Every structure is written in C-alpha cells, then in structure tokens.
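Report on the following structure.
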Amino acid sequence: MEKKFKRIGVLTSGGDAPGMNSVIKSVTCAALDMGVEVIGILGGYSGLIHDRTRKLTEHDVADIISKGGTMLYSDRCDEFKTEEGMQKAIATCKKHNIDGIIAIGGDGTFRGATDLSIRGIPCIGVSGTIDNDITATDITVGYDTAMNTVLSLGDALRDTSESHARCCVIEVMGRNAGYIAMETGLALNAIGVALQEMPFDKEALFAKMKKMRDLGQRSFIVVVAEGMGGVFSESLTKEIEAATGIESRFIRPAHIVRGGIPTLADRCFAAKCGYKAVQVLLAGQSDVVICSRHDKIVPVDIKWALIVDRMYKNKLKDGDLDAFTPEQIEEMKALCAERRAYFEEMYEIVNSVGC
Ligand code: F6P
C-alpha cells in the first residue's frame, strides 16, 4: 500500500551552491501544495543529529530564490558517518514525524541519504554543487552560476591584462573535476586550460603565447582547474613568465565563485528538480537522485549514481558491481564514455580556438 506522507524534511549539505534556495523553495511550495507539511533542517545532517529544525511556510521561502547560499545553512558532518550519529538523526525524524527527506548536495550528501533510506527514512537526493562532478547527471544546481561568476572575473582580468600586457593564470574551484575550468576557458578565450582529465602540454602553451605576442596580442588568460593543485598553478605562472617573457599574475577566486545571485538557468533547473523530488517521494520512491539526462529530469537510483561515479573516477572497489545487472553495468560504462568524450571534444576545441 502506498505510504501517506504528512510531513517531509528538507536539508542542504556539503559545500553550498547558488540555486540551493530555489530547490528549497520549490520543495516547500510543491509539498504544501500537495497537502504535505515541510520541516527545514538547519545545517545539513548535523542539524538532523542535533535536532535543529524549523517549520517552513510558503511565506518563509517567498523571497529566497534570488539569493546565493542556502537559507537552511550547510555543513560537512563526520558524525553522520557513524552509526550513533545516524541513530540520533533517525530519532529526530521520529520526534518530528518526518516521513521522508529531500537532501540537496553532492556525492557525500547522497551517501548520507542512502544510509538513511536503508534505515527506513525514504530519501531523495537533489544535486547542489558548483563542481558538476556527479557523473549521473549532466548538470548540477550551482554549476551555471559558478561559471558565470568566473566569466565576469575573467573578463575583468582581461581588461587589466590588456592595459598592462600581462597573462593572468586563474585557478578555479571544482575539486577534482575540470568542468568549470573547461567551459569558462572556452568562454574567456583562454590560450590554455589545464585540468586533471586531460594531458597538459606546457611547451605548446609557451609557443602559442610567443606566437600571439609576436602578432601583437597583449593580454592572455590561462585557466587552471583546482584539481591540478595550487603548487602547479602558482609555478605555472612563474614558468610562463620565464619561458615567454610575458609578465604574469596568479589569481585564485576560490570561494567567491560559490556565492552570488543564481542565474536563470540554475534557478529554473533547481525549481524543476525540487518539484520532481517531491513528486517521486510522495509517489513512494526512495533512494534516488534527481538528475538531468539529455534535457530530461529523471530519478536515478542513488547506489547506481554513486557507483557510476566511482567507475568514472577509476575508484571501483572489489564487489562494487556485484549488485548490478549486466545491462546496468553497460549503461554505466556508456555514461563514463560519454563524460570522457565530452572532455576530449572540448579540449580539442579549446586548444584549437583559444588564443
Ligand atoms: O565542492 C564544492 C567545493 O567548493 C569545491 O570546489 C572545493 O574543492 C571545496 O568545495 C572547498 O571546500 P570548503 O568550502 O570546505 O573549503
């Protein structure tokens, strides 16, 4: 028999991302519209453990959609990884009669959601990370805004580089994923992009810079993904100056890229995901993450999503694939190939047209 939901919880966990508020708003309004109360859990899983909650009305969320960050606050919570922490979280759910949870965040958030689902609290994950590093979904909430922020910063750096005939090496966040660096590199006309997913040819970069300088070009932008490491980015800046004679500056915008007004794309995607999350939760699904696949918003099994992520990152452990059918494994392999092909194609374009 289908479970009757009376009250659900919503939380944001891990690094915040612009657009999280739009998910919260959408979840709250959709659930209330469907006759279900909403409890906001403050500070991610740690709020669930320590019973920090507030009831949400439409009015509470009416004015949050244009704000970055998360009105529910966020946390990276090690205590939740322990059985004791988990049991405290379940006790909070029982105390407040929370029948299910929508958890917004990245892969760590989804691991927590699956742990809760196994223990009888139905959970639905919604992506919220600027890194776009969840293999199961084509895009994540926050990614578009982060890229647009890098774009504005990069354009400003172009102006001053042009005045001073300089190169700016910009290191952008993304943890171990090069998506932000790749896309913004193309959009900023970077002469070079360095990211973990692809080999990087320093000598080719130096040669291209010298050629462009000899043609009269004054300003240069190089984008480096955080995953390459801070030492790499800073020493690359010095090496560029030494090899080309072009004065160079290193810029790390860091967390600036995680804040700011969410873009239209992020707000709309977030709103659709929030709505879908409520729909599938109330329809009786659990342990799924809401993904975008080829422009469709679809629920994907969280365990499948976590394992395809490991497969893509070459981090599969013995037995990881045991629970999946040959068809599911083939699907995982095809998705990993799709992601790798994206980087290969983009890298070729960036290296061909960036100057
Ligand atoms: O996952 C989002 C992210 O901003 C990464 O890009 C970055 O590596 C990390 O979080 C920074 O984490 P913290 O906010 O804990 O410094």
Side-chain angles (χ1 to χ4, degrees), residues 11-24 42-47 67-81 103-113 125-154 169-185 193-197 223-234 250-263 266 269-270 273 289 291 302 305-306 309-310 312-313 315 339 343:
L11 62 83
T12 47
S13 152
D16 65 348
M20 278 183 160
N21 278 330
S22 179
V23 186
I24 297 166
L42 304 176
Y45 289 118
S46 134
K67 296 184 172 63
T70 158
M71 73 165 286
L72 294 176
Y73 317 130
S74 197
D75 196 11
R76 301 190 200 275
C77 178
D78 285 336
E79 199 182 347
F80 193 66
K81 292 178 190 151
I104 308 156
D107 54 355
T109 308
F110 303 150
R111 267 192 298 276
V126 174
S127 73
T129 168
I130 62 164
D131 302 340
N132 199 38
D133 61 347
I134 298 165
T135 309
T137 183
D138 295 341
I139 47 166
T140 57
V141 170
Y143 174 48
D144 187 69
T145 307
M147 288 192 294
N148 278 287
T149 305
V150 172
L151 195 61
S152 302
L153 298 173
V169 176
I170 315 170
E171 185 195 276
V172 296
M173 271 193 174
R175 203 179 289 274
N176 295 313
Y179 288 98
I180 298 178
M182 188 91 266
E183 296 276 334
T184 59
V193 174
L195 29 82
Q196 269 188 321
E197 287 86 346
V223 180
V224 181
E226 178 189 10
M228 296 296 282
V231 175
F232 174 90
S233 315
E234 291 187 49
F250 172 65
I251 294 97
R252 180 182 289 136
H255 294 78
I256 293 168
V257 170
R258 239 171 53 192
I261 298 171
T263 57
D266 265 332
F269 177 53
C273 289
V289 53
C291 293
I302 290 189
L306 292 172
D309 230 19
R310 272 195 219 158
Y312 176 67
K313 291 167 188 160
K315 287 186 178 164
R339 297 284 176 254
F343 276 104

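Because only heavy atoms are used, hydrogens play no part in the values below, and waters and symmetry mates are left out as well, while side chains stay in. Note that the structure is predicted; figures quoted are calculated from it, not measured. Atoms within a ligand are numbered from 1 in the order they appear, just like the ligands themselves.
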- Short list, please: which atoms of ligand 1 are under 4.0 Å from a heavy atom of His255? 13 (P), 14 (O), 16 (O)
- Query: What are the atoms of ligand 1, with element, lying closer than 4.0 Å to any heavy atom of Arg76?
  - Reply: 9 (C), 10 (O), 11 (C), 12 (O), 13 (P), 14 (O), 15 (O)
What protein heavy atom is closest to [atom], reported as residue, atom name and distance in Å?
atom                   : value
atom 8 (O) of ligand 1 : Glu226 OE2, 2.8 Å
atom 3 (C) of ligand 1 : Arg258 NH1, 3.5 Å
atom 9 (C) of ligand 1 : Arg175 NH2, 3.5 Å
atom 2 (C) of ligand 1 : Asp131 OD2, 3.3 Å

- Item | Distance (rounded to the nearest 0.5 Å) between Asp144 CG and Leu151 CG | 10.0 Å
- Task: Calculate, to the nearest 0.5 Å, the distance between atoms CD and NZ belonging to Glu79 and Lys81 respectively.
- Result: 12.0 Å
- Message: Treating Glu171 as the side-chain partner and Ser233 as the backbone partner, does any N or O pair qualify as donor plus acceptor under 3.5 Å?
- Response: no
- Task: Please state whether the rings of Tyr143 and Tyr179 are parallel, tilted or perpendicular, taking 30° and 60° as the class boundaries.
- Result: perpendicular
- Message: I'd like to know if Arg252 and Glu234 make a salt bridge, using a cut-off of under 4.0 Å between side-chain N and carboxylate O.
- Response: yes
- Message: Is it the case that ligand 1 has an N or O less than 3.5 angstrom from some N or O of Gly174?
- Response: yes
- Answer yes or no: are there more than 12 heavy-atom neighbours, outside Phe232 itself, under 6.0 Å from its atom CZ? yes
